[in-house]
Amino acid sequence: MRRPYIAGNWKMNMTPSKGAAFAAELAKAVKEAGVDCKIMIAPPFVTIPAVVEAVKGSNIIVAAQNMNDHTSGAYTGEVAPDMLKDLGVTTVILGHSERRSYYGESNEFINKKVKLALAEKMEVVLCVGETLEEREAGKLESVLSSQIVDGLKDVAAEEMKAITIAYEPVWAIGTGKTATPEDADAAHAFIRSVVKKMFNSDIAENLIIQYGGSVNASNAKALMAKENIDGALVGGASLSVEKFLPVLTFNK
Ligand code: PGA
């Protein structure tokens, strides 16, 4: 049984004070609603400490949206994994399409960070997904395949329990266009088959695959009903309790 895993990627939104107030409100709402899925929120780095404090005692996991590929040293402006862990961060999102496209992150670079996060005993949400151009050119499977094979290169089978994959078609992120549940499910099934080939069927069957790209209150239920969709990585709709709670309670 794969336990639903729903995450909120705040991107570059929420100051520490706003983030703390919102996270406290969210923790209260989640408790009152009896949300039973695994819940994660990923604030910007500087907002993390206030949010960790605000969700203390709740079942909300706090993640980072990125981290550096080194443990320490002369990397001006960067953040190392042990700095995050020291704050109570257990999880890191890696390979988000915005990092790939705006900051030129390659599969090889993302793989370095995946391996470092695993070595640091952190959980990883590895984002993959094709652009519209790639989809229209019939490259969906080859793009996903290399993002997964290269992104998870040299990851050991026993480390895979710390990995979640988020399928986020780039054309669906922040655009209001969602993949149909059928299209998303097919991509997820393909991702599972790639992981099966790399590792084994047990690991593929247990892998949590989130869908991301304009997930909201009105489409969450239909997406989550699909066999291969085990969760959601939510951007815009994770920024208010009013919008995020209905996604978290998709099964209520
Ligand atoms: P969105 O973002 O829900 O605003 O489309 C999703 C994401 O980029 O993780």
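Both ligands and their constituent atoms are indexed starting at 1 by order of listing.
- P81 is listed as a side-chain neighbour of L116, based on a closest heavy-atom distance under 4.5 Å.
- Listed by number with element, the atoms of ligand 1 under 4.0 Å from a non-hydrogen atom of S214 are 1 (P), 3 (O), 5 (O).
- From R135, atom CZ reaches atom CG of L144 across 8.5 Å, with rounding to the nearest 0.5 Å.
- Between R192 and D230 there is a salt bridge, since at least one side-chain N of the basic residue sits less than 4.0 Å from a carboxylate O of the acidic one.
- Geometrically, ligand 1 and G235 share a nitrogen or oxygen pair separated by less than 3.5 Å.
- One hydrophobic cluster, built from ILVMFWY side chains closer than 4.5 Å, holds both V234 and V241.
- Within the structure, ligand 1 has G174 among the residues with a heavy atom less than 4.0 angstrom away.
- Between K11 and ligand 1, at least one pair of N/O atoms sits closer than 3.5 Å.
- Contact atoms of ligand 1 toward G236: 1 (P), 3 (O), 4 (O) (distance under 4.0 Å to a heavy atom of the residue).
- In the vicinity of E168, heavy-atom distances shorter than 4.0 Å reach the ligand 1 atoms 6 (C), 7 (C), 8 (O), 9 (O).
- In this structure, K38 is positioned above the aromatic face of Y5, its NZ or CZ under 6.0 Å from the six-membered ring centre and within 45° of the axis.
- Here's the thing with G213: none of its N/O atoms is less than 3.5 angstrom from an N/O atom of ligand 1.
- Under a 4.0 Å heavy-atom criterion, A172 is in contact with ligand 1.
- Side-chain contact between F244 and L239: absent, with no pair of heavy atoms (C-beta onward) separated by less than 4.5 Å.
- Within ligand 1, counting atoms from 1 as listed, the ones closer than 4.0 Å to a heavy atom of H96 are 7 (C), 8 (O), 9 (O).
- Those atoms of ligand 1 that come under 4.0 Å of a heavy atom in N9, given as number and element, are 9 (O).
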Can you list the steps and then say if N251 with K221 is a side chain to side chain donor-acceptor pair (under 3.5 Å)?
-> CA-CA 7 Å; N251 55 356; K221 195 178 171 134; over 6 Å; no
